[in-house]
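Shown next, in C-alpha cells, is the structure this report addresses.
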Amino acid sequence: MCLPMQSDPMQPVPVRVLTRRREVADTWTLELEPGDAAGRPFAPGQFNMLYVFGVGEIPISLSGDSADPHRQVHTVRAVGPVSRALAALSPAATVGLRGPFGQGWPVEAAAGADVVLIAGGLGLAPLRPALYYILSRRARYGRVALLYGTRSPGDILFRRELERWRRRLDLEAWVTVDYAGSDWVGCVGVVTNLVPSASFDPADTVAFVCGPEVMMRFAVAALQKAGVDDAAIHLSMERNMKCAIGHCGHCQFGPLFVCKDGPVLSFERIRGLLSRKEI
Amino acid sequence: MKGIEQIVREHPFFQGLDEAFCDLVCTCARNVRFDSGEYLLHEGGLADTLYLIRHGRVALEIAVPGRSAVRFQTLGDDELVGISWLVPPYRWAYDARAIELTRAIVMDAGCLRNKCESDHDLGYEVIKRLMPILVGRLQATRMQILDVYGAPG
Ligand SMILES: Cc1cc2nc3c(=O)[nH]c(=O)nc-3n(C[C@H](O)[C@H](O)[C@H](O)COP(=O)(O)OP(=O)(O)OC[C@H]3O[C@@H](n4cnc5c(N)ncnc54)[C@H](O)[C@@H]3O)c2cc1C
Ligand code: FES
C-alpha cells in the first residue's frame, strides 16, 4: 500500500509534540500533530524521518492508527543521540518531520487469508498499525494471531492494549518473555516457540514479522517449518538511512533500497540476502 | 476412563510408534497429576523420570543466589519435561514445577533406558522423537543467549 508524500520530500515540516508517554524503561511514545488540515495519511508499516533540531534525523515507524492521519504516533527506543533527544521531547516541543515513506504491510492483499503477526521487542510498534487496520475490518480476514515476544515482563510494550487484545474472541494474542521471575504466570521462552500453538492454515496464511533481524530469521524458519510459503512471509527491515527517498544509497540492501522498496519486504525477495554477513 | 495404553498411544510424542514398541513403552508409564505450585523435579535430584504433559503448564527454573528463581521456559500441552535422564550422571539441571493443574504421563527413565538398550530399534525410535525436541530447545537457547532485545552494545 502506497500513499502520497508531502510536496518536497527532503524538507522537514515542523510539527508539535502533543503527548509523551513512557512505555518501558527506555521506550517512549510520542503523539505528533502535523497541523495541516488533511493530516498526514499513512499506511501501516510506513515510517517518518524525524528531525530533532540541532541533533539529527532518524527513521521512526508509525505506531498509531492509520485511520487517524491527524495524529502521527511514534514509539521510540532511546539508544543513541537522536533517539534519546526524541524520547526526551516534552509536549509542545517542535520536531521536524518528513514522510511518510516506504512500502508498508500488505494488509489489503492479506484480506481473505489467515494472518499471523510475529513481533519481537520494539517490533510490536511498527506492527500495531497493521493490527488496528485488520481489527477494524475484522470480517474480511480469516483467523488472526498475534505472537509477541520480548525480553522480560518489565519490557512488555503496550501492555494494557495487549491485555485488551487477549480478551478478544476474534484474535489469538500470545505473549512470551525470554526469562522471568517465578511470580510471572505467563509463557516463558522465545517467540518462535509460539508458532506451533497458534491456529492458522499454513496454505492460506500471510505472516508479518517485525523485530531484531536475528529474531526474524528464527521466525521465518518456524513459519517455514509450519508450512507457510516464503512469498507469504513479510519482514520489516532496518538499515541506516539518510534521504529516505531512494537517492543516496545509505540504506542499500543488495539490489534493494530499504527506504523505497521496503521497509516491508517479502521473504521471497530477500531470501538470499538475509543471512549474508557483508550486506 | 482411558487406560494408560490408550493415553500413551494418543500422546504426540509416541504418534506412529509400532504397536509392539508401544506395549513395551507402556510398561514403563503411568499417569500423574500435579496441582499448581507442586514440583515435578528438583535441581541436583536423580533424573529417573521423564514427563509427557497431557494438559497443563510447567515452568523450568534455576535458583540464583540472593534473588528469586529465574524462570527460563514454560512447557505446555503435549510437551516433554526432563532430558537429563538421557545422559549420565542422570541428575536434573533445574527445577520444574506446575504453574497450573497439570496432567502428565510419567515414564520410569531407567525402565525406558533398559528397553532401548536391549532393543536398539526401539532405542532409535525414541531418539528420533527426542532429537527434534533437543535441537529446537538448543536453537531457542541460542536466541535467548543472544539477548536480541537487549540494550544495543
Ligand atoms: C524503517 C525504520 C524504522 C524504524 N523504526 C523505529 C521505531 O519505530 N522506533 C525506534 O526506536 N527505532 C526505529 N528505527 C531505528 C532507529 O532509526 C535507529 O535506532 C537510529 O539509528 C537511532 O539513532 P540514534 O542517533 O539515536 O542512535 P545511533 O547512534 O544510530 O545508534 C546508537 C546505538 O544503537 C545501535 N542501534 C541503532 N539502531 C538500532 C536498532 N534498531 N536496534 C538495535 N540497535 C540499534 C547502534 O548500533 C549504536 O550502537 C527504525 C529504523 C528504520 C530503518
Ligand atoms: S536512505 Fe537514501 S537511498 Fe535509502
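Proteins get letters first, then strands, A, B, ... in listed order; numbering begins at 1 in each. Predicted model only: the values in this text are computed from it and were never measured.
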Quiz item: With under 30° as parallel and over 60° as perpendicular, where do the rings of Tyr51(B) and Phe34(B) fit, or are they tilted in between?
Solution: perpendicular

Practice problem: Please look at Glu100(B) and chain A and tell me whether the side chain, the backbone, both or neither of the residue comes under 4.5 angstrom of a heavy atom of that chain. | Solution: neither

Practice problem: Heavy-atom distances under 4.5 Å only: say whether Asp78(B) touches chain A with side chain, backbone, both or neither. | Solution: neither

Quiz item: For Lys115(B), does its backbone N or O pair with a side-chain atom of Asp119(B) as donor and acceptor, under 3.5 Å?
Solution: no

Self-check item: Phe14(B) ring center within less than 6.0 Å of His11(B) ring center
Solution: no

Quiz prompt | Aromatic ring proximity Trp85(B)/Tyr90(B), centre distance under 6.0 Å | solution = no

Exercise. For chain A, find its close neighbours in residues 53-73 of chain B: heavy-atom separation under 4.5 Å, sorted by number, or none.
Key: Arg57(B), Glu61(B), Ser68(B), Ala69(B), Val70(B), Arg71(B), Phe72(B), Gln73(B)

For residues 220-228 of chain A, which side-chain donor-acceptor pairs fall under 3.5 Å, sequence neighbours excluded?
unit_1	atom_1	unit_2	atom_2	d
Gln224(A)	NE2	Asp230(A)	OD1	2.8

Self-check item: disulfide bond (SG atoms under 2.5 Å apart) partners for Cys111(B), two or more places apart
Solution: Cys28(B)

Check residues 178-197 of chain A and write down every donor-acceptor pair under 3.5 Å in which the side-chain atom is one partner and the other belongs to a residue at least two apart or another chain.
unit_1	atom_1	unit_2	atom_2	d
Trp184(A)	NE1	Gly186(A)	O	3.3
Trp184(A)	NE1	Cys187(A)	O	3.1

